[in-house]
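Taking it in order: structure first as structure tokens, then the write-up.
Reminder, nothing fancy here: chain letters follow the sequence lines and each chain counts from 1.
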Protein chains: 2
Amino acid sequence: MGKLERVSAQADRYTVGIDFGTESGRALLVRVSDGAELACAIHAYAGGVIDEALPGGGPRLPPGWALQDPEDYLETVRRTVPSVLEQSGVPPERVIGIGIDFTSSTMLPTTEDGTPLCRLPEFRNETHAWPKLWKHHGAQAQAERMTELALSRGEEWLKDYGGKVSSEWFFSKALQILEESPGVYRAAARLIEAGDWLLWQLTGSERRGASAAGYKAFRQDGRFPDASFFAQLHPDFAGVVGEKMCTKLEPVAARAGVLGEQGASWTGLRPGTPVATANIDAHATVPATGYVEPGTLVLIMGTSTCHILLASEKRAVEGMCGVVAGGVVPGLYGYESGQSAVGDMFAWFVDGFVPGRYSELAREAGQELHAYLAERAASQAPGANGLLALDWHNGNRSVLVDAELSGMLVGLTLASDAVDIYRALMEATVYGSRMIIEAYQRGGLAIDRLVVAGGLPGRNPHLVQMCADVFGREIQVIRSSQGAALGSAICAAVAAGAYGDVATAARAMGGVEEGTYRPRSEWTAAYDEIYQDYLAMHDLLGRSARDEQAGVMKRLHQRRMHERGGRTGQA
Amino acid sequence: MGKLERVSAQADRYTVGIDFGTESGRALLVRVSDGAELACAIHAYAGGVIDEALPGGGPRLPPGWALQDPEDYLETVRRTVPSVLEQSGVPPERVIGIGIDFTSSTMLPTTEDGTPLCRLPEFRNETHAWPKLWKHHGAQAQAERMTELALSRGEEWLKDYGGKVSSEWFFSKALQILEESPGVYRAAARLIEAGDWLLWQLTGSERRGASAAGYKAFRQDGRFPDASFFAQLHPDFAGVVGEKMCTKLEPVAARAGVLGEQGASWTGLRPGTPVATANIDAHATVPATGYVEPGTLVLIMGTSTCHILLASEKRAVEGMCGVVAGGVVPGLYGYESGQSAVGDMFAWFVDGFVPGRYSELAREAGQELHAYLAERAASQAPGANGLLALDWHNGNRSVLVDAELSGMLVGLTLASDAVDIYRALMEATVYGSRMIIEAYQRGGLAIDRLVVAGGLPGRNPHLVQMCADVFGREIQVIRSSQGAALGSAICAAVAAGAYGDVATAARAMGGVEEGTYRPRSEWTAAYDEIYQDYLAMHDLLGRSARDEQAGVMKRLHQRRMHERGGRTGQA
């Protein structure tokens, strides 16, 4: 009773977090006082990921392309927000703020008034007029040229991105539009992150977030790269920032605007409701853990894994994806690293390489197939499967930063079975995370707390236990199963003024489950030994990747690209 | 008509070849004049491979053990020979000779009169009293000690066996019996190859073949290793050769004896019918190709692949399994190399890692699943799958001679599928054979002709085409689908005096299919490039296997053995 009374002044105020993922979007209605989740609604995008042909038909998209339909984003708003209001019975006037998070860099070209070019009849059949999803990999050539140019110019910012530009980032995609479809580029009065575009649609005014600009568009210390950098890539690219973007940017959890008439009619909320700056989805998860102190590392484990570390200093860390001041929460440096194939690697294996008899065994055991395999895999002693894997099935994002690396499996015998390999893939994922943790530590950044979030920990608790054993560290698990949406709702509460800062809001509204995963010392010792072999293979096939002998992965990749007739952008 | 007239003098004489494989035995009735195969009968051993528990029950056998029941061998004789006589209508008096080939070293302990110890009630439950099948791997520790001792004593013969003693060979198994079951060893008046034992059963007298003694028991230049060598392994082992074996040995295709009353009653053939020296199964295949000239390399491709090269000189060749004067045919050196997992690696993959939907696709295409996968795999351009495999799933027999090496797969992406991996395994098999061919060539031995035999070429012609492409060489295919049994029938014809030597008999009775597989030059060029990467991985993970960094396979193996509680003998 004590708690309820203490928070009674806020007990009947709420915020809505809207989280836009790869395949679907969701709204979460949250009580401001304690983060209680009153209702959640999910909308699967009708168009999903557009990777074969445009909705209207036309030629097959090149390999690696991934587009989306902006109507799906709006439809998410129109369906999910009214739904959570109706489910919960909360009256609209009790909702004091809205927060948005989005995959990134998902970006689109629009007219001056924010109309997506792909909505205009004259551009409807033009592939470059459609939003490019974060995992659109068609701009690899542009990314590589950007890396080379930045190196040759000695651009300071490059080191803040692991020394390498990704094809997934904003300017790679923008330059691809310019080079492959100059007409679209010219017609695009704005080139904008989808999260910022959505905020514009809700509020009626264009305000962009500093976080995506920091992580995906090289904005450091308040500045984008110089126009001369862009000019060297293409003469018409020189003005991309000044002409098509914004230079004034909103920090995380700021009140970026208020709900306009259109946004109010879509959502059923009241015009004038504060809307927080759009955030990156993985990053939004951090405050939902309840911890926003320096030294907290959050692993958001899903189809891929994103590692976010908060710190009060800026240090040089090997092969991270990016470090941005205030990029996750104001006042701290947010470091991001990642593993590019985790949940989708397990899905790949189970879908492509597990015979039907395992499905029957799982059914008999009353388990989902992944759970069946993971449980049996977890029961093996470390080393008993005799296998070692590298999980670079979608390239290596950290710490090697090389999209041309690939997966490896060694130790196969005629006795190796699907459970053995499932376990090897689990271990590879966890060793890869340990590698990232150690890179931060080598960089001089302390890690005091480890929290896992995302969809995978709930589906595979054995994986979390393996993390604890391999890291030799205690691990906490986020309480919410909708971490990103909850984080957006927390930022909405700050933007609405209900809390003075994100840390206070996070402590009140976020949190972890009771109980922790503790390392088992004898398993830790066994994994320590195997990890040395992981390191050996990691370095042999990854770090020496350009050597004559060990560069096999890159040569295999290049041959495959050549033979399949694809672009070099295919990971 | 011309051919029939020319051979009319021999047209109504026949021989029977009996081939004892791992899971079954077969008899083939062959016309002496031209090798025409009139009838074949196969008997699957009732006891198969005994690798779990003895037929009478009892404790579980240790991992790696593989025993057999000698009754299965006799039952094969009793069932298959009468069957081929009945099927063909050939009268017994027209059968002028019998030949035998057997897996090797498959060996057993017997009493003085040849009774297998396992047939005696007092030894029925004693595992060491049963025949040890060639692939019994329980004697790895003994094999390793033998290698070390031979090295330290500077034994000359060791270099003729690739510098390493295999756990599959005769003395490894004999020493295991002595050390683990001294009572069985003492009671064993004879320790004998199963092929020689079978000849003894048929003829009533013990005569042993020089070939198995050469390849599996270190007999070189007419001599076994010195008694002092055996004494250093174990004091009671000193007299193993003199006490329990024979020192006078019969060459290949010699008349080792004649059918006795018992043998006659089992087979339905006439007492006094000549029986040729027992041979090793793979080796027996060579004359069935029709070629027994120096420079002929025969690849017998089945669950494993055995490479046999005939040459007129003895040269030092890296990592071959053995070279024996007259070991395959009198008058020539027979070199043997091998790949320890070929067909059974494809079976392992298809059984363990191919989802049910492929079976349906194969059914719709009217194909067997292996054929379906192989055909699709073969249609890919070299390099298009982006994968590279090492096929050491059962260790490496040539040229690295290391049972602790293991299989590897590199280049995996989320787009890799079962067809891609099937192809990578096919390529690994073929690159491994190319490695063996090049080792012979580096050793100064010319290879003028390549012939493939065994069960695999018929089932997977794409694999043979891949051999031609990767080797850049024309390849012929043996005509008979029962090469070993035909080879034994050829040796029987020589033993019976129908031909003066094996070469003449082989030319008349053996042969290859019309037409050859020819290399396609653009594919050869592509494979040449990928083969360089195969070499890189082969050397990195195989040759440097004891290095700190690259020794990962051996460490994985040792950890697996330790964790699974198995013996180190498990490959």
Working to the nearest 0.5 angstrom, can you tell me the gap between [X] [atom1] and [Y] [atom2]?
X	Y	atom1	atom2	value
Ile530(B)	Leu556(A)	CD1	CG	8.0 Å
Thr413(B)	Arg560(A)	OG1	CZ	4.5 Å
Met553(B)	Leu388(A)	CE	CG	10.5 Å
Leu541(B)	Leu540(A)	CG	CG	7.0 Å
His393(A)	Leu414(B)	NE2	CG	7.0 Å

Q.
Are the side chains of Arg559(B) and Asp533(A) in contact, using a 4.5 Å heavy-atom criterion?
A. yes

Q | Under the side-chain contact (heavy atoms from CB on, under 4.5 Å) test, residues paired with Ala66(B) that sit two or more places apart | A | Val49(B), Leu133(B), Lys135(B), His136(B)

**Q.** Partner chain B: residue of Ser359(A), Ala381(A), Gly383(A), Pro382(A) with the largest heavy-atom pair count (under 4.5 Å)
**A.** Gly383(A)

**Q.** Heavy-atom pairs under 4.5 Å with chain B, option from Asp417(A), Leu409(A), Val354(A), Leu387(A) with the top count
**A.** Leu409(A)

Proximity breakdown for [X] and chain A, heavy-atom pairs closer than 4.5 Å:
X	answer
Ile421(B)	side chain
Ser416(B)	both
Gln558(B)	neither

Q. If you count heavy-atom pairs under 4.5 Å with chain A, which of Gly356(B), Ala418(B), Ala526(B) comes out on top?
A. Ala418(B)

**Q.** Within residues 345-353 of chain B, residues adjacent to chain A where the heavy-atom gap is under 4.5 Å
**A.** Met345(B), Trp348(B), Phe349(B), Asp351(B), Gly352(B), Phe353(B)

Q) Which bit of Gln532(A) comes within less than 4.5 Å of chain B, counting heavy atoms only: side chain, backbone, both or neither? A) neither

